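Being a predicted model, the structure only gives us computed values, none of them experimental. Every chain is numbered from 1 and lettered A, B, ... according to where its sequence line falls, protein lines coming before strand lines.
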Amino acid sequence: MAEESVEKNYMLYICTGCDIGDSLDIEKLKEVADEDFSVESKTHEFLCSAEGVELIKKDIEEGVNTIIIAACSPRVNYDTFNFPDIIVERVNLREHVVWSHKPNDEKTQQLAEDYIRMGIVKAQKMELPEPYKEEITKSVLIIGGGITGLTAALEAANTGYDVVLVEKEAELGGWVKKFAKLTPSTPPFRDPREPDVDEKIKQVMENDRIKVFTSARVESISGQPGLFDVVISQNGTKEEVKIGSIVVAAGWEPYDATKLENLGYGKYPDVITNVQMEEMAADGKIVVPSTGKEAKKVAFIQCAGQRDPEHLPYCSSICCMVSLKQALYVREMNDGQAFIFYKDMRTPGEYEDFYKRVQEDPGIFLTKGEIKSISKTENGMLVEVTDTLLGEDIEVEVDLVVLATGMVPRLKKIAERLAKEEEAEGEEAKEGEEKAEATETETEGEAVSEALEEIEGILNLTYRKGPELPELKYGFADSNFICFPYETQRTAIYAAGPIRQPMGVAESEDDATGAALKAVQALELISKGAATFPRVGDLSYPEFFLQRCTQCKRCTEECPFGALDEDEKGTPKPNPNRCRRCGVCMGACPERIVSFKNYNVDMIGSMVKTIYVPEDEEEGLRFLAFVCENDAYPAFDMAALNRMEWHPDVRIIPVRCLGSFNVVWIADALSRGIDGAILIGCKYGDDYQCHFIKGSELANRRMENVQETLERLALEPERVKVVQLPISEFDRIPEIINEFVEEIEENIGPNPYKGF
Amino acid sequence: MVRIEPDIRFVKDLMKMGGGDLKKCFQCATCSVICPQSPDENPFPRKEMIWAQWGLKDKLLRDPDIYLCHQCNDCSINCPRGAKPGEVLNAIRNYTFYEYSTPKFIGKLFTSPAYFPILIAIPIILLYAFLQIPGVLLSPEGEHVVYGNFINHLAIEVAGMLVGAYVIVVALLSFYKYWKAVGMSSGPVFEVERGVEGKTTMVSGGFWYEFWNALKDILRHTKFSECAENRYRYLAHLGVFYGFILLGISTLGAVAYMYLFGVKELALPLYDPVKILGNIGFLLLFGGMSWIVYRRLSASGTAGKPSYQDWFFITDLYLVAITGILMEASRLAGATDIAYPLYLVHLVLVFMLLAYAPYSKFAHLMYRGLAYMWAKKTGRLVGAKEASE
């Protein structure tokens with residue numbers, strides 16, 4: 001803590017450009033800084049100009065080390081006002097004051113003065129972060145040796161990093177190795193291409209940077225990014241390797257077609273899946289299984305067990321292309337006829353050209369339709385189709401029926417097993433209390449879990465929050481949050497390929513490239529002690545004052561990234577490299593023992609307390625808006641940019657995430673006489689937009705505690721409100737703010753604690 | 001439940017006969033929506049497109065809707081896939097000429113340009129043989145061109161009658177086949193409600209009643225006039241249609257002159273009413289044909305790319321008109337060395353027009369007429385005026 005002893009020399013810079021000088025009494029702002037805080041200030045009419053920046057630099061040379069820049073939003077000119085090793089705080093006078101409020105108005109002036117006060121206090125409470133740095137291993141673990149894993153391995157190795165590739169099968173190549181041809185991936189997108197997986201395998205095997213483990217699995221992963229301890233078991237032997245970051249490319253498996261008895265699978269030998277068809281084509285002969293004769297007429301049933309709530313409710317996005325490709329096999333290899341019955345022909349993007357090319361073939365017949373029945377006849381299989389484009393129900397006699405079954409992520413069964421185990425644990429706990437009766441369902445459940453027990457995990461993390469990647473609906477890894485593919489809820493572990501979303505070969509290769517790059521970036525950031533997405537480059541990290549910890553486990557439970565493990569007592573064991581610096585732990589802690597050098601409970605509390613609250617309600621009430629930095633804050637900027645006005649009695653305080661909102665701030669505010677607080681954060685739920693996954697949801701949940709606080713203070717619950725605001729709805733801001741203010745002004749009245 | 005057995009050969013044939021893009025259709029039904037001719041129930045040409053893709057020959061050849069299409073090409077121009085439904089329907093019509101031809105082996109000769117030499121050889125050989133008959137070929141003398149002095153008029157009339165009789169017999173047989181196939185009594189390949197409410201109150205009035213009804217529409221070109229993108233076709237076709245009729249009337253007039261009024265010399269003067277009718281007919285026919293040929297050549301993208309069957313008929317008809325007027329001109333100019341050879345060429349061309357009528361595109365007259373009768377009877381075809389009432 002040697003840094004803190006360095007004395008802070010402050011300087012406030014007020015920019016008078018961009019309407020600021022014309023709309024505010026700048027001298028009065030300087031007075032506030034001088035009289036309340038003894039902070040000297042300078043003005044410049046164009047602070048972001050070379051001349052303005054030079055002014056600041058000169059002061060820095062002369063010993064100023066803590067600067068407050070009152071100008072535009074911190075979201076702009078961040079590169080201009082970037083001074084290494086200097087504490088910089090930005091006060092947003094332009095967007096949040098002059099562009100969104102009446103110029104030269106008393107209330108606007110008061111708003112600006114409060115922001116100056118809050119900015120100075122924030123700078124006072126802020127320290128330069130010291131990065132958490134340890135010697136890390138710059139290597140990437142790739143789990144899965146299919147096309148995705150192979151590509152990721154090559155990409156990472158070619159950027160100069162060591163790679164460990166783990167494949168559970170004896171041979172590399174995954175599914176693609178079993179395929180005859182692949183959907184075209186380059187213009188003119190007309191003809192299926194030859195698989196190039198052998199070439200990739202060769203490159204991987206020949207690459208000195210890549211170490212390959214086949215017939216192997218990851219037994220366990222412990223530690224943290226940059227310092228993972230990975231145990232790989234191969235043929236009964238175990239090997240421990242140090243790993244920096246991880247790409248999960250564990251892929252997919254075909255949907256269990258035995259559940260599709262309604263389509264004849266399992267009942268008739270001549271009903272096969274698209275995977276079986278592909279394997280037959282790869283063997284060079286497409287035959288009717290029951291007779292061994294060449295299949296002349298083949299029916300393809302699209303969406304077999306897909307887009308169906310009974311089976312896979314989603315579209316696997318590739319089966320249309322696969323069946324089109326396989327129809328060409330029938331034409332080219334057997335000179336036969338192919339019938340494709342689809343729900344919708346889905347050939348996204350350039351694949352439309354492939355669809356067009358297949359359509360041109362006079363021997364390929366396509367129609368939308370619902371399969372009514374599939375049955376055996378003397379000469380083959382009879383497919384009855386209703387709801388067709390031919391205007392009537394039709395039946396076609398074919399030799400072979402191919403079901404276009406979908407993709408199931410490898411994570412799905414694991415997730416099912418984990419859920420079962422969790423349930424069982426819960427039940428065990430219950431059983432102690434109320435010796436439950438052994439019902440039939442229980443025995444049935446046991447049978448299911450027996451089958452599931454054999455399902456081996458992919459990552460086997462030793463994290464407190466569970467061994468695998470959290471999954472989304474349908475068992476895909478949650479890897480799409482806030483428009484960032486590959487990102488998962490586990491830092492420096494990235495998902496690529498069909499484990500995270502159904503996709504084809506070309507898409508998987510792209511995905512692998514992206515994920516490999518992410519894994520490499522993560523290594524570089526972590527080596528500098530910097531955060532990864534979304535606070536990329538943030539050098540701060542949460543510090544825990546554990547002497548005061550009460551082992552309530554809220555932080556370890558709520559951390560969305562599983563950064564915190566626990567000891568037996570429940571004391572958190574932080575892993576800074578797993579941390580994304582959202583501050584959810586800081587918001588969770590009832591003892592307020594979590595803090596960042598440049599973001600902490602005291603800092604925000606002090607900012608709240610420095611706000612001038614008039615005793616006389618005629619002078620106006622005061623409100624706080626705790627605003628998520630990621631979406632809500634820029635939304636306010638956008639509203640201001642569009643010259644929308646909102647109520648001038650509201651003071652905006654940015655927070656890293658609503659999840660970092662500590663309930664104590666409400667008490668701070670209300671006991672000071674502030675009349676209400678609104679919390680504005682991201683959308684939550686299944687299609688959440690929260691940058692930290694659960695932050696806004698947690699904030700909402702914590703409001704229960706807030707209501708207790710309010711009750712204790714004998715205040716109305718309406719004084720505190722949580723609002724979800726997607727960034728695109730910035731135009732709702734005036735309405736949200738003004739309605740909140742008016743509600744309190746008109747129906748609740750001023751805070752009775754004013755003046756205490 | 002209908003058993004489907006696609007006929008790949010048929011698909012390929014249609015693609016060769018002008019429907020080359022039929023497989024491009026993805027069934028969006030823009031064509032059926034945009035078509036000014038298509039009825040609300042079971043509209044065309046969407047259903048014909050998928051039947052064609054699936055090679056459902058039986059359905060298509062029994063579907064009279066293909067003759068309710070005048071190929072104004074509104075559909076082809078607006079098709080987002082470039083499947084050209086207008087041309088596909090034309091190809092199906094071309095196929096019907098073959099399918100219902102009698103005897104079918106002659107019909108076959110019209111399906112591909114490969115057989116064209118045979119089609120041209122037949123009239124030349126027949127004409128040669130005809131001229132060998134004593135008394136047919138005369139030796140004209142003098143400065144004036146008198147066609148009757150070159151080839152015996154009576155012989156021509158007799159030969160014409162024979163050809164005509166053949167044509168009528170063959171056409172009737174084809175007509176009957178198509179009649180049965182379309183199923184005038186039993187209904188076609190899809191259900192049609194008769195007298196759909198508000199559309200028409202017409203009740204079947206028997207063959208001649210339907211015939212008269214259809215004829216009225218044909219004479220007025222009522223439906224043809226509703227085309228949007230290629231309205232020229234309506235006007236051009238109208239010209240050709242009436243030009244042809246006027247020429248027919250003037251031919252009958254000439255015959256009447258000879259056999260009723262005993263006129264020996266058929267070189268009628270230009271002020272003769274029959275000659276006037278004939279020349280007006282020529283102008284209409286020539287004008288219409290020129291317009292069609294010009295548009296087909298200059299704007300095949302919108303006007304439709306002609307198939308071989310189209311070209312065969314269009315060119316022949318055009319040349320008949322041109323050689324005809326050149327004959328008149330050379331007669332008036334007294335150019336004997338041009339006039340008589342031209343007459344031989346003209347005879348060959350006329351033979352190809354008339355004797356081949358039941359097999360060539362000329363046959364559309366009878367098939368479309370029959371489809372019109374069917375459509376009138378079922379209430380599927382309603383004049384623009386009637387529909388708006």
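A:T367 has its side chain out of reach of A:I340: every pair of non-hydrogen atoms, C-beta onward, lies at least 4.5 Å apart. A heavy-atom distance below 4.5 Å is found between the side chains of A:K325 and A:E278.
Taking A:Q359, A:E360, A:E397 one by one and counting their heavy-atom pairs under 4.5 Å with chain B, the maximum is reached by A:Q359. In terms of non-hydrogen atom pairs under 4.5 Å with chain B, the most contact-rich of A:V385, A:L389, A:D361 is A:L389.
Neither the backbone nor the side chain of B:L22 has a heavy atom closer than 4.5 Å to any heavy atom of chain A. With a threshold of 4.5 angstrom between heavy atoms, A:K372 approaches chain B through side-chain atoms but not through N, CA, C or O. Contacts between A:L382 and chain B at a heavy-atom distance below 4.5 Å involve the side chain alone, from C-beta outward. Interface remark: A:Q337 contributes side-chain atoms only to the contact with chain B (heavy atom separation under 4.5 Å).
In this structure, B:K104 places its NZ atom where more than 12 heavy-atom neighbours from other residues, nucleotides or ligands lie under 6.0 Å away. Within 6.0 Å of the NZ atom in B:K305, the count of heavy atoms belonging to other residues, nucleotides or ligands does not exceed 12.
With B:F175 as the aromatic partner, B:K180 does not meet the cation-pi criteria of under 6.0 angstrom to the ring centre and within 45 degrees of the ring axis.
A perpendicular orientation is assigned to the rings of B:F110 and B:F312, their planes being inclined by more than 60° (bins at 30° and 60°).
Using a cutoff of 4.0 Å between basic side-chain nitrogens and carboxylate oxygens, A:K343 and A:E370 are not scored as salt-bridged. A salt bridge links B:R81 and A:E352; the closest N-O separation between the charged side-chain nitrogens and carboxylate oxygens is under 4.0 Å.
Close approach to chain A, defined as a heavy atom under 4.5 Å from one of its heavy atoms, is seen in B:P6, B:I8, B:V11, B:K12 of residues 6-13 of chain B, taken by number.
The ring-ring contact (aromatic ring centres under 6.0 Å, His included) test with B:Y178 singles out one residue from B:F97, B:W374, B:Y367, and that residue is B:Y367.
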